[in-house]
Amino acid sequence: MEFSKEELAEARRQIGSTLHKLRKTVETLEGKERPERYKAQITLARRRIRAFELADALIVRELERE
């Protein structure tokens with residue numbers, strides 16, 4: 001499947017925005033009075049952060065190839 005540079009750039013912007021929100025979510029949950037109560041949500045957010053970081057790295061690699 002081929003994507004244009006514009007599509008890849010827009011995907012990076014969207015990923016960046018989502019990463020920012022996810023990182024803020026983790027920060028907020030970890031700052032709660034009893035963060036252990038939010039362990040599952042924190043773990044899920046961290047997994048999503050990692051997945052989006054991977055996707056971003058692949059997009060960067062694709063953009064550099066062009």
Side-chain angles (χ1 to χ4, degrees):
M1 187 176 255
E2 291 289 320
F3 300 100
S4 70
K5 279 189 168 191
E6 293 78 19
E7 289 173 311
L8 293 169
E10 178 59 23
R12 278 202 80 206
R13 282 190 288 278
Q14 295 301 321
I15 287 170
S17 173
T18 301
L19 277 170
H20 175 75
K21 291 174 187 174
L22 284 168
R23 289 179 179 131
K24 287 296 184 183
T25 297
V26 169
E27 186 180 307
T28 298
L29 292 173
E30 289 177 336
K32 296 273 187 186
E33 189 173 317
R34 293 179 50 211
E36 66 276 3
R37 294 178 62 201
Y38 304 97
K39 185 178 182 202
Q41 292 93 324
I42 292 169
T43 299
L44 179 59
R46 285 184 177 153
R47 286 180 181 164
R48 288 179 175 164
I49 288 168
R50 187 66 187 135
F52 279 115
E53 287 172 342
L54 187 150
D56 186 60
L58 292 174
I59 291 170
V60 168
R61 184 187 303 169
E62 185 65 24
L63 285 169
E64 288 173 351
R65 286 180 30 192
E66 294 184 11

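The figures here come from the full heavy-atom set of this structure, side chains too, leaving out hydrogens, waters and symmetry mates.
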With sequence neighbours left out, the residues meeting side chain to side chain donor-acceptor pair (under 3.5 Å) with R13 are E10
For residues 20-30, the side chain to side chain donor-acceptor pair (under 3.5 Å) pairs (sequence neighbours left out) are R23-E53, E30-R46
> Should I59 and M1 be counted in the same cluster of Ile, Leu, Val, Met, Phe, Trp and Tyr side chains packed under 4.5 Å apart?
Replying inline: yes
The reported gap from CZ in R47 to CD1 in I42 (rounded to nearest 0.5 angstrom) is 13.0 Å
Same apolar cluster: I15 and L63, side chain cutoff 4.5 Å | yes
Residues S4 and E7: closest non-hydrogen pair is N-OE1, 2.8 Å
Q. Thinking salt bridges, do E64 and R61 make one under a 4.0 Å N-O criterion?
A. no
Check your understanding: Do the side chains of F3 and L54 join up, straight or via other hydrophobic residues, at under 4.5 Å, putting them in one cluster?
Key -> no
Here the gap from E2 atom CD to L8 atom CG, rounded to the nearest 0.5 Å, amounts to 9.0 Å
